[in-house]
Amino acid sequence: MESVSVVLFLLLAVVVSGAISRMLPWSIPTPLVQILLGGVIGLSTSYRVSLNPELFLLLFLPPLLFLDGWRIPKDELFKDVSTVVELALGLVLTTVIGMGLFINWMIPAMPLAVAFALAAVVSPTDPIAVSAIAARVPIPKRMMHILEGESLLNDASGLVCLRFAVAAALTGTFSAGDAALNFLWVAGMGLVIGVAVTVAVSRAKAWVTRRWGEDTGSQILVSLLIPFGSYMLAEEFHASGILAAVAAGVTMTFAEISRQAMAVTRMRRNSVWDTIQFTLNGIIFVLLGEQLPGILAGAKRTVAVTGHVEPGWLALYVVAIVLGLAALRFVWVWVSFKLTILRKGQARGDVRSPNWRLVAAMSFAGVRGAITLAGVLTLPLALNDGSPFPARDLAIFLAAGVIIVSLIVASVALPVLLKGLTMPAEPSKQAEEDAARVATAEAAISAIERHQHQLAETRGDADRYAAAGGRVMDLYRERIEGLSEDERDAVRAQERLFRDFRLVGLKAERSALAELIRNRSVGSETIRKLTRELDLSETRLRE
């Protein structure tokens, strides 16, 4: 019963934190509000959460990574794939090695394997935290796509590095050759299992749907189970469950193209996944705040591990790690952008230096968040011989400090750097969109004509079917005519007016329906149906 109460209390805290972040007159990122609220809960209530590392990893990471892989725009990712790979793989490995050695040099009492583990968990970035920070200063789309792609891959690469570092700490041995072979198995098998599970489940769903129809609730539940099934199956084969979840999410995009679900299923599933994402990310940050009082209470004991007495040394270590991460990222981003510009510039005969504001913004955008916290909390409680895991509390303290400081620094610096910043010009997608609209409209007209003829031949009364089909085809022909170059601007202005008038009408419809409900003039089934129709219409108009 106590566990259920704790879960409900955490969910309430997530809801309250979202409301508070919107009410505040200052642009404070929601993750920071959640951490502060969690700290208040930890100080003022008797609720305490004892986190099981393996359970925490299983519950939080698979769905979040699966959703990232599912929703990331694949075509946009491929445009900057070289930059994304350089940041997600090269930078992560450099960070793990460089920061691991730096942390071990700065804190000799922390074993090298544990230092590498800490470096591995602070290497992944969190685009959700970046989005929250820049909510009032929009991030250029191309930059956000690069950050999303980097985060998707560096979550997996950083946590795989963590796995090797923890194994080295537990066994006391490390072999580069064995690690390389093990990495190939862990990564390769994880990817294969993720793809295989998604393909198998998608085909099974399609077969059942063809024979017995589609059930929306079951479809949504299956999509929720896929990341957990991929993760657990990969772990059974001693592969990377994290990479399996990522691969399952990416595969889901292509599986959905060939096996379309009903529109109502997609809409409800998107809503469910939005809620899952908001809830899990919120709970992670609230948990971080809830754990902080206990972590700070043990600061004196924790700092004693380092050979010092004053807890202020811990703050110094956090700042040093944040500065080290920022310096590494700045240099790597500058070199990566320089090479990209050099390659493209040589082809055009135009070689320039990267915009320093762009490099700085990309560097500060590398804030740490949910994945870092989830990773560090999975450090084992004990070694194989039963002795306590060395410097575990210190690693958790430093990781939590890095998350908080990076969020604060980014919330101050990013709005300044992003203001007025423009990415390199992107080719307009309007022509591509217009061509797609024309193609789909022409296909619809052809299908309607065929259906008209079929009904007229089998049922007679051809005039009635011609009139009905003609009305629908006229709508598609208007769409095609409106997409012509000459009439496009006028049509769009007309569409904006149409949308505004429709929204005014919808608002009046809602008011009238509310009055009917107050007067009890309509039944609950009618209320539900009309409300849904109004919601769908308003959603379509506001897209």
Side-chain angles (χ1 to χ4, degrees), residues 8 11-25 30 67 71 131-132 135-136 138 209 213-224 256 260-282 433 437 440-441 444 447-448 451 464-465 467-479 482-483 490-543:
L8 294 175
L11 292 175
L12 178 62
V14 173
V15 174
V16 172
S17 65
I20 292 174
S21 65
R22 292 192 300 273
M23 295 175 187
L24 292 175
T30 302
L67 188 60
R71 289 186 170 177
S131 300
R136 299 182 187 179
T209 299
E214 180 172 306
D215 178 67
T216 297
S218 298
Q219 295 278 333
I220 296 172
L221 184 57
V222 168
S223 74
L224 294 174
E256 285 291 296
Q260 288 290 342
M262 292 192 305
V264 64
T265 298
R266 289 196 301 274
M267 292 179 63
R268 291 178 180 175
R269 187 178 59 194
N270 287 338
S271 298
V272 169
W273 273 106
D274 286 341
T275 304
I276 294 291
Q277 183 182 43
F278 173 78
T279 303
L280 293 183
N281 277 289
E433 180 182 334
R437 291 184 183 276
T440 53
I448 292 169
H451 193 56
R464 184 175 65 175
Y465 300 128
R471 289 175 58 191
V472 180
M473 286 190 289
D474 285 343
L475 296 176
Y476 287 109
R477 291 189 180 106
E478 288 176 8
R479 177 194 296 181
L483 291 172
V491 169
R492 284 180 183 161
Q494 189 70 18
E495 286 179 351
R496 283 194 294 270
L497 290 173
F498 175 81
R499 183 189 61 190
D500 292 342
F501 281 117
R502 281 288 289 128
L503 289 173
V504 170
L506 287 173
K507 184 176 180 181
E509 286 188 72
R510 288 190 189 280
S511 298
L513 181 60
E515 185 66 26
L516 292 173
I517 294 171
R518 283 192 292 270
N519 296 334
R520 298 184 179 179
S521 302
V522 291
S524 57
E525 183 62 24
T526 302
I527 293 171
R528 186 193 64 79
K529 183 178 180 179
L530 293 180
T531 300
R532 176 170 174 75
E533 290 177 359
L534 292 174
D535 290 343
L536 290 173
S537 298
E538 184 173 347
T539 301
R540 177 68 184 89
L541 290 168
R542 293 188 183 277
E543 284 181 352

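Every value quoted in this text rests on a predicted model; they were computed, and no experiment measured them. Below, each value reflects all heavy atoms present in this structure, side chains not excepted, and no hydrogens, waters or symmetry copies.
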Visitor: Rounded to the nearest 0.5 Å, how far does CG of Leu530 lie from CD of Glu509?
Guide: 8.5 Å
Visitor: Please tell me if the side chains of Gln277 and Trp273 come closer than 4.5 Å, counting only heavy atoms from C-beta onward.
Guide: no
Visitor: Taking all non-hydrogen atoms of both residues into account, name the closest pair between Ser21 and Thr30 and its distance.
Guide: OG-OG1, 3.3 Å
Visitor: Indicate the atoms forming the closest heavy-atom contact of Ser223 with Ile220, along with that distance.
Guide: OG-O, 2.7 Å
Visitor: Looking at Asp274 and Arg71, does any basic side-chain N land under 4.0 Å from a carboxylate oxygen?
Guide: yes
Visitor: Should the pair Asp474-Arg471 be classified as a salt bridge under the 4.0 Å nitrogen-to-oxygen rule?
Guide: no
Visitor: Test side-chain contact (heavy atoms from CB on, under 4.5 Å) on Ile276 and Leu67; report intermediate values, then the result.
Guide: CA-CA 10 Å; Ile276 294 291; Leu67 188 60; over 6 Å; no
Visitor: Nearest 0.5 Å, what's the CG-CD distance between Leu513 and Glu533?
Guide: 10.5 Å
Visitor: Any non-hydrogen side-chain atom of Gln219 less than 4.5 Å from a side-chain atom of Thr209?
Guide: yes
Visitor: Taking all heavy atoms of Thr279 and all of Val14, pick out the closest pair and write down the distance.
Guide: O-CG2, 4.2 Å
Visitor: So, the side chain of Ser271 versus the backbone of Met267: is there a donor-acceptor pair under 3.5 Å, distance only?
Guide: yes
